[in-house]
Protein chains: 2
Amino acid sequence: MRDVAQRARVSAMTVSRVLRDDPKVLPATADRVRAAAAELGYRRNEMARSLRLGSGTGLVGLVVTNLANPFYSRLALGVDAVVGGHGLKTVIGNTGHDLDSERGLVEDLVARRVDGIIVVPADDDQRHLAAAAAGGVPVVVASRPPNGFDADCVLVDDHGGARTVTRRLLDAGHRRIGFLGSPPAVYTGAERLRGFTDALTEAGIEREPRYVRLGQQQTAEATRAAADLLALPEPPTALFCTNNRNTIGAFRAIRAAGAPTALAGFDDFELADVLGLPLTIAAYDSDELGKEAGRLLVARLGERAAAGGGQDGTPASARRAVVPTTLVHYG
Amino acid sequence: MRDVAQRARVSAMTVSRVLRDDPKVLPATADRVRAAAAELGYRRNEMARSLRLGSGTGLVGLVVTNLANPFYSRLALGVDAVVGGHGLKTVIGNTGHDLDSERGLVEDLVARRVDGIIVVPADDDQRHLAAAAAGGVPVVVASRPPNGFDADCVLVDDHGGARTVTRRLLDAGHRRIGFLGSPPAVYTGAERLRGFTDALTEAGIEREPRYVRLGQQQTAEATRAAADLLALPEPPTALFCTNNRNTIGAFRAIRAAGAPTALAGFDDFELADVLGLPLTIAAYDSDELGKEAGRLLVARLGERAAAGGGQDGTPASARRAVVPTTLVHYG
DNA sequence: CTGTTAGCGCTTTCAT
DNA sequence: ATGAAAGCGCTAACAG
């Protein structure tokens, strides 16, 4: 900056003003400065700037469990679309479902002074998030509710979606329905199991533990679990899978078994329409999930800015948004 | 930091030392400082730190065209895995294939003083990248070669993969082969078309312009284009598609037409094995592409650090890595 | 309209 | 082993 100032024969302060588009700089001077900056290929250091301004870094941290899953990459795009519209940049961190990794990422983001964090927690243990929130960093939890502290969050209608899909299977006459789900420790897994169970109960059917398989995360494991169910003496006539890994895995098992088993799932996926068997899915828009998370965060940042230095005391209480599911039928 | 210093009854300098794990601090003092820091929930400001150190921000920028495409999200994970292993964090920007957006992102990353940039350019116009590189920011170009300037880059064996796949179709006896490709302005599109053409030429066949459809980016467009080809008086007996959007689109057209058309493509995708028709694919590992890009960047950063303040002059010349393709056959 | 002073949070250098 | 001063690049606040 000093170099630019010298070249333009002004002080550093004037350079700063020109780059800020401060109107009270003589146009002639401004041009000289801009010319000098261009010739030197100078770009002001945004980090130093935000340090001085104390205004935050203009970065938001996004922590997800698995970016390779289209679900999360679309969520990331949704977040970026919203916060980007407010002049914020998204820093994405991937945890690979690893809690330590998540802890490290969150700490680092806080240390880098991101303006806020959006996180899909890998685990029920969210003490590091509580710490960050307590430290004054706005936190938005996505896809699961905050655990052990208070924060804005955006959820999917897991229970309702699972209940509706299960009902659809019941309406089609199925009475023996298998269930392939996420580990019950994961909120979405527990909720979807609850929705499934409630639908059964409403139909006067008791959930059969032997029809329930939990915890498989990869399609290959899901295929094995589904094959197990189909090999039972009285096999289920339909399978409900709580995520697309399980749905695809179950599909392969059904195809291999050759039985006319009906399939239902949570999360839509590409090519679901060409599988050639009846397939009902509780679909939802992960892009919208991300957007909503972004909106919550931006709103929180806005309040914070409005509150300014004054100790307005009570911040608005935690908001919670729920993204609905829609029923899709193929086959 | 001052607060911590006061609480621990030391100077800010000592706090700084403790947090740096400087050994020449009395253990007792260090403990007092750490306790104070913990009680205050203090985290040192990494941005201010890097400002003072002049050492770069520890961030690398990654600019891709469409993160929703698993290809790019896996590439991003590959990049992150490598650079993360070197203490660097990845800032991802999505351009949506928009050149202006790409320009803005790159400028912003430079202004934020990222240590380096990895970019999948949206367009042949790469002047903003040239500018960044000229400004001293290490740039690695992925998936296409740098245009108009010199930089490290990592490519896929587009030509070889396309040639091999096409040969396979020829070996299977096909003589009328349709081609569904990316816009020719895109490097990968042009190279894959070239590979296709070369294979035909080697077999003594001339490429028929009426069998070539370029530019469709969505599966729906690809389906229409493929349907057009299949409706020709002498329709192709096989289709070669240069990316998975086109492959999936073509698959739908073939299924709808009911003709026994063979299908070949570039880029593997989930469920490719259940489509129920002969499908040959030139597959490659986009994760590896990202890792290689990360490695090139890290190597470059290492050299730069080694060179230090001294004007070693000539930096090592641009490196180029090529990721191979493998042939996969389904059906 | 332009420049000077001071300081954001941290660390290097030089004392002590 | 610890502290005081100076400054990384930038900009508010106050001159002039």
Side-chain angles (χ1 to χ4, degrees), chain A residues 1-34 36-37 40-59 108-115 135-137 305 308-309, chain B residues 1-34 36-37 40-59 107-115 135-137 308-309:
Chain A
M1 183 149 148
R2 251 205 280 278
D3 301 342
V4 177
Q6 236 166 352
R7 205 172 213 287
R9 310 171 127 270
V10 293
S11 76
M13 200 51 236
T14 299
V15 176
S16 172
R17 279 197 260 261
V18 171
L19 269 49
R20 266 205 112 218
D21 285 320
D22 190 319
K24 43 191 170 190
V25 180
L26 212 59
T29 321
D31 287 347
R32 234 172 43 242
V33 170
R34 266 187 280 268
L40 268 53
Y42 167 79
R43 323 230 139 255
R44 87 181 155 195
N45 185 328
E46 292 296 330
M47 292 308 192
R49 181 175 152 80
S50 71
L51 174 59
R52 175 65 235 243
L53 292 178
S55 62
T57 51
L59 296 175
D108 188 85
L109 290 168
V110 172
R112 285 209 152 85
R113 297 299 189 272
V114 294
D115 292 343
V137 183
Chain B
M1 183 151 149
R2 250 205 284 276
D3 301 343
V4 177
Q6 236 166 352
R7 205 171 213 287
R9 309 173 127 270
V10 294
S11 76
M13 201 48 241
T14 300
V15 177
S16 172
R17 280 197 259 261
V18 171
L19 269 50
R20 267 209 113 215
D21 286 319
D22 190 319
K24 44 190 169 189
V25 179
L26 213 59
T29 323
D31 287 346
R32 238 175 37 244
V33 170
R34 266 189 278 269
L40 268 53
Y42 168 79
R43 324 228 139 258
R44 91 181 150 193
N45 185 328
E46 291 298 330
M47 292 307 192
R49 181 174 153 80
S50 70
L51 174 60
R52 176 64 237 241
L53 293 178
S55 63
T57 52
L59 296 174
E107 290 238 335
D108 188 85
L109 291 169
V110 172
R112 286 208 152 85
R113 296 300 189 271
V114 293
D115 292 344
V137 184

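Sequence lines set the chain letters: A, B, ... in the order given, protein chains first and strands last, and positions in each chain run from 1.
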Separation between [atom1] of [X] and [atom2] of [Y], rounded to the nearest 0.5 Å:
{"X": "Asn45(A)", "Y": "Arg113(B)", "atom1": "CG", "atom2": "CZ", "result": "4.5 Å"}
{"X": "Glu46(B)", "Y": "Thr57(A)", "atom1": "CD", "atom2": "OG1", "result": "12.5 Å"}
{"X": "Thr29(A)", "Y": "Arg9(A)", "atom1": "OG1", "atom2": "CZ", "result": "12.5 Å"}
{"X": "Leu51(A)", "Y": "Leu53(A)", "atom1": "CG", "atom2": "CG", "result": "9.0 Å"}
{"X": "Met13(A)", "Y": "Asp22(A)", "atom1": "CE", "atom2": "CG", "result": "8.0 Å"}

Start with the C-alpha distance between Arg49(A) and Arg20(A), add both sets of side-chain angles, then the distance that settles side-chain contact (heavy atoms from CB on, under 4.5 Å), and finish with yes or no. CA-CA 11 Å; Arg49(A) 181 175 152 80; Arg20(A) 266 205 112 218; 3.8 Å; yes

For DNA chain C, which residues in residues 23-31 of chain A have a heavy atom at a distance below 4.0 Å? Lys24(A), Val25(A), Leu26(A), Thr29(A)

Got a salt bridge between Asp108(B) and Arg112(B), using NZ or NE/NH1/NH2 to carboxylate O under 4.0 Å?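 Result for this pair is yes, salt bridge flagged.
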
Check whether any side-chain heavy atom of Met47(B) lies under 4.5 Å from a side-chain heavy atom of Leu59(A), and answer yes or no. yes

Could you tell me the separation between the CZ atom of Arg112(A) and the C1' atom of dG9(C), rounded to a whole number of Å? 16 Å

Summarise protein proximity over nucleotides 7-16 of chain D in one line of letters, 5' to 3': B for base, S for sugar-phosphate only, - for none, counting protein heavy atoms closer than 4.0 Å. BBBBBB----

